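Numbers for residues simply follow the sequence, beginning at 1. The model shown is predicted, which means the values in this text are computed figures rather than measured ones.
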Amino acid sequence: MRLKAALPKLELYLYAAVLYLSLLWAGTWIWDASADNVNRKVFKKSVKPGWHYFGRKMDVADFEWVMWFTTFRNHILFALAGHVIFAKVCSLISPRIGMDDWYCKHRSLIYGLYGGLAVLVSMGGGFLALVLSHCFILYSVALVKRKWIVFVAGLASLATFKMEPFNTWQEGFVTGYFDLQDILFYGGSCFTIMRCMSFALENCEKKDGNYTFIDLLKYNFYLPFFYFGPIQTFDQFHVQANNPNLTRKQREMWNITTGALLHLGAILVVDVFFHYLYILTIPNDMKLVKQLSDWSLAGLAYSNLVYDWVKAAVMFGVINTVARLDHLDPPQPPKCITMLYVFAETHFDRGINDWLCKYVYDYIGGSHTNIFKELVATICTFVVTTLWLGPCELVYIWSFFNCFGLNLELWVDKIFSIPPFSNIEYAIGEAMSRRIRAVFGALNFWTIILYNILALNSLEFAKLVGKRLIVQGFPLSTLSVLFVTYCGVQLVKERERKQAFLDDPEPAAVPPTPQDMPEEVGKKKAE
């Protein structure tokens with residue numbers, strides 16, 4: 001089996017040494033660029049005073065991170081802590097007033113009431129009425145039990161938050177203004193539409209009767225998921241939130257606590273890095289970027305993707321910690337960008353990815369054996385993704401290249417799975433096959449990075465990185481960066497190999513019985 005193909009340990013040690021030394025070397029280039037150019041005009045806009053006692057300034061180019069973990073940290077923690085405390089108080093009071101069984105069966109209603117109240121307090125009655133109106137419209141559509149009608153109505157509702165003049169008109173329902181208002185407005189409303197579509201599509205699958213409007217409200221107004229996601233499909237939420245068995249698994253609380261501490265540690269590590277490596281500000285200064293070495297550009301592009309993954313992992317991780325305290329099993333944080341060398345696993349929001357796979361990609365693609373169906377499925381998936389992200393030039397380019405990369409990857413995999421290519425792969429052996437596949441994985445890794453820094457930075461920065469690494473840097477920079485990436489892919493494959501043995505251990509070897517032995521060996525044994 002290809003996944004379980006092993007390589008010599010000495011070879012893996014060499015790959016690890018090359019990778020870590022190269023990352024350290026690229027990091028020193030970024031460090032120098034950050035320290036030597038801190039007084040540039042562009043830096044003054046997004047590099048602000050940080051650790052006063054150490055004389056360090058901090059990169060604050062990402063306004064979301066700054067708002068979440070500085071300006072509005074207390075507000076967000078207060079809302080989530082209030083949810084946890086409210087749920088805990090209800091669970092303690094219910095046995096004393098003889099409503100323990102009722103609470104276990106209807107705790108999702110308690111969560112929904114608190115969530116609705118929190119939305120009312122934070123965004124006002126106008127926004128709450130707007131969200132309820134969209135819920136009511138899509139619930140009415142769900143009663144028709146026609147999936148195509150659900151998609152038309154749901155995507156049309158989502159488009160009203162992405163296109164003018166409908167967007168501005170709906171924004172008018174929110175009174176007053178504060179810095180986090182836009183994020184809460186678009187997050188709450190757009191996630192609401194996706195949850196309502198999940199509810200409606202699951203209702204189409206329900207054989208007997210319909211789910212109630214209260215079921216939809218309980219699902220939508222679960223506060224930890226309301227503003228920032230992740231999206232948990234209705235079928236999973238409905239089963240988990242209405243499960244009366246609230247006993248925890250062994251060491252579950254320990255795992256929850258450990259996860260929370262890891263997220264806190266990740267926040268502190270990012271804070272330290274932002275005081276020494278200005279990875280978000282440097283790409284905004286194209287004059288400086290053009291002066292950097294090829295290794296600096298490669299490290300800069302890679303570090304921006306890693307940071308975006310860390311941000312998503314921390315945000316979803318904090319929310320998931322609260323959800324796990326409520327006995328839910330939420331979507332996991334996204335897979336680390338370092339582990340991605342295939343387009344099929346590339347996503348930064350596992351909840352949206354699960355939603356798209358279940359209701360679009362797998363629904364249209366079926367068994368994923370028909371190339372034409374697969375093409376239609378991927379195109380439809382990225383059309384919905386484009387609407388979700390917000391139609392604009394950068395999103396169009398991002399969607400096109402990712403859709404193309406995914407299809408090309410699938411076609412190449414199918415081609416190499418048939419003779420004579422499959423025969424050649426079998427003949428060269430598993431270890432050599434793994435090495436060759438890692439070469440293609442290294443190429444894939446950098447196409448994934450180039451396609452995604454479009455959305456994170458700018459088209460100009462992505463074009464410069466691609467030009468320097470592919471054209472101007474060829475052959476030295478191109479091949480050296482690819483070799484380092486190849487080393488990283490091999491280490492990821494080794495990790496996947498070990499995990500494969502844990503998930504599917506090889507059956508233990510059974511010693512042969514005398515009946516299984518050749519006749520001559522059996523006679524010698526008998527003698």
Q) Do Asp215 and Thr212 have side-chain atoms, one donor and one acceptor, less than 3.5 Å apart? A) yes
Q. Of all heavy-atom pairs between Arg437 and Asp413, which one has the smallest distance, and what is that distance?
A. NH1-OD1, 4.0 Å
**Q.** Trace of the side chain to side chain contact (heavy atoms under 4.5 Å, CB included) decision for Asn304 with Asn452
**A.** CA-CA 10 Å; Asn304 270 262; Asn452 283 280; over 6 Å; no
(Q) Would you say the rings of His83 and Tyr222 are close, in the sense that their centroids are separated by under 6.0 Å? (A) yes
Q.
I'd like to check the side-chain hydrogen bond (donor to acceptor under 3.5 Å, both in side chains) partners of Asp362; sequence neighbours left out, ordered by chain and number.
A. His368
Q) Centre of Tyr211's six-membered ring, under 6.0 Å away, within 45 degrees of the axis: is that where NZ or CZ of Lys206 sits? A) yes
Q | salt_bridge(Lys463, Glu460) N-O dist < 4.0 Å | A | no
Q.
My understanding is that only residues two or more places apart in sequence, or in another chain, count here; which of them pass side chain to side chain contact (heavy atoms under 4.5 Å, CB included) with Lys147?
A. Leu201, Cys204, Glu205, Tyr363
Q: Please name all residues satisfying ring pair (Phe, Tyr, Trp, His ring centres under 6.0 Å) with Tyr186, sequence neighbours left out, ordered by chain then number.
A: none
Q.
Assess, by modelled atom type and distance only, whether the side chains of Trp355 and Thr233 contain a donor and an acceptor separated by less than 3.5 Å.
A. no
Name every donor-acceptor pair, under 3.5 Å, that has one atom in a side chain of residues 316-325 and the other anywhere in the protein, sequence neighbours excluded.
unit_1 : atom_1 : unit_2 : atom_2 : d
Asn320 : ND2    : Phe316 : O      : 3.3
Asn320 : ND2    : Pro331 : O      : 2.7
Thr321 : OG1    : Gly317 : O      : 2.8

Q) What's the shortest heavy-atom distance between Leu300 and Pro283, and which atoms? A) CD2-CG, 4.0 Å
Q: Answer yes if the ring centres of Tyr341 and Phe445 are under 6.0 angstrom apart, and no otherwise.
A: no
Q) Is a donor on one side and an acceptor on the other found under 3.5 Å between the side chain of Thr168 and the backbone of Pro165? A) no
Q) Taking only residues two or more places apart in sequence, or in another chain, which ones meet Trp388 in a ring pair (Phe, Tyr, Trp, His ring centres under 6.0 Å)? A) Phe191
Q: Give the minimum heavy-atom separation between Pro391 and Lys162, together with the two atoms involved.
A: CD-CB, 4.0 Å
**Q.** Pair Val465-Ile453, side chain to side chain contact (heavy atoms under 4.5 Å, CB included): steps then yes or no
**A.** CA-CA 10 Å; Val465 173; Ile453 58 175; 4.3 Å; yes
**Q.** Nearest atoms (heavy-atom pairs only) where Leu459 meets Leu394
**A.** CB-CD2, 3.8 Å
(Q) Please determine whether side chain to side chain contact (heavy atoms under 4.5 Å, CB included) holds for the pair Leu340 and Cys336, giving the CA-CA distance in whole Å, both sets of side-chain angles, and the decisive distance to 0.1 Å. (A) CA-CA 7 Å; Leu340 297 178; Cys336 179; over 6 Å; no
**Q.** Stepwise salt bridge (Lys or Arg N to Asp or Glu O under 4.0 Å) check, Asp235 with Lys358
**A.** CA-CA 11 Å; Asp235 57 328; Lys358 180 172 185 178; 2.4 Å; yes
Q) Quick one: CH2 on Trp65 to CE on Met315, what's the gap to the nearest 0.5 Å? A) 10.5 Å
**Q.** Positive for side-chain contact (heavy atoms from CB on, under 4.5 Å) with Asn167, one of Glu171, Gln170, Met163
**A.** Glu171
Q: Mind running side chain to side chain contact (heavy atoms under 4.5 Å, CB included) on Leu130 and Phe161 for me, showing each step along the way?
A: CA-CA 12 Å; Leu130 176 67; Phe161 291 100; 4.1 Å; yes
Q) Going from CG on Leu158 to CE on Met194, what distance comes out if it is rounded to the nearest 0.5 angstrom? A) 6.5 Å
(Q) Could you measure the distance from the CG atom of Asn243 to the CG atom of Leu328? Nearest 0.5 Å is fine. (A) 10.0 Å
**Q.** Rounded distance (nearest 0.5 Å) linking atom OG of Ser140 with atom CD1 of Ile149
**A.** 12.5 Å
Q: Not counting sequence neighbours, which residues clear side-chain hydrogen bond (donor to acceptor under 3.5 Å, both in side chains) with His263? List them please.
A: none
Q. Taking only residues two or more places apart in sequence or in another chain, which ones pass ring pair (Phe, Tyr, Trp, His ring centres under 6.0 Å) with Tyr396?
A. none
**Q.** Check: Asp329 main-chain N/O paired with Gln240 side-chain donor or acceptor under 3.5 Å
**A.** yes
Q) Are Tyr307 and Tyr302 close enough that their ring centres sit under 6.0 Å apart? A) no
Q | Contacts of type side-chain hydrogen bond (donor to acceptor under 3.5 Å, both in side chains), residue Ser198, not counting sequence neighbours | A | Tyr359
(Q) Going by the rule side chain to side chain contact (heavy atoms under 4.5 Å, CB included), which residues pair with Val152 if we only count those two or more places apart in sequence or in a different chain? (A) Trp148
Q: Name all residues meeting the side chain to side chain contact (heavy atoms under 4.5 Å, CB included) criterion together with Glu409; count only those two or more places apart in sequence or in a different chain, and write none if there are none.
A: Val342, Phe343, Ala344, Leu406, Asn444
(Q) Below 30° counts as parallel, above 60° as perpendicular, anything between as tilted: where do the rings of Phe404 and Phe400 land? (A) parallel
Q) Strictly by modelled atom types, are Asn203 and Tyr139 linked by a side-chain donor-acceptor pair under 3.5 Å? A) no
**Q.** Partner set under ring pair (Phe, Tyr, Trp, His ring centres under 6.0 Å) for Tyr219, not counting sequence neighbours
**A.** Phe234, Phe237
Q | side-chain hydrogen bond (donor to acceptor under 3.5 Å, both in side chains) partners for Gln490, two or more places apart | A | Arg434, Tyr486
Q.
For Ala87 versus Asp326, what's the shortest heavy-atom pair and its separation?
A. CB-OD1, 4.2 Å
Q.
Between His238 and Glu202, is there a side-chain heavy-atom distance shorter than 4.5 Å?
A. no
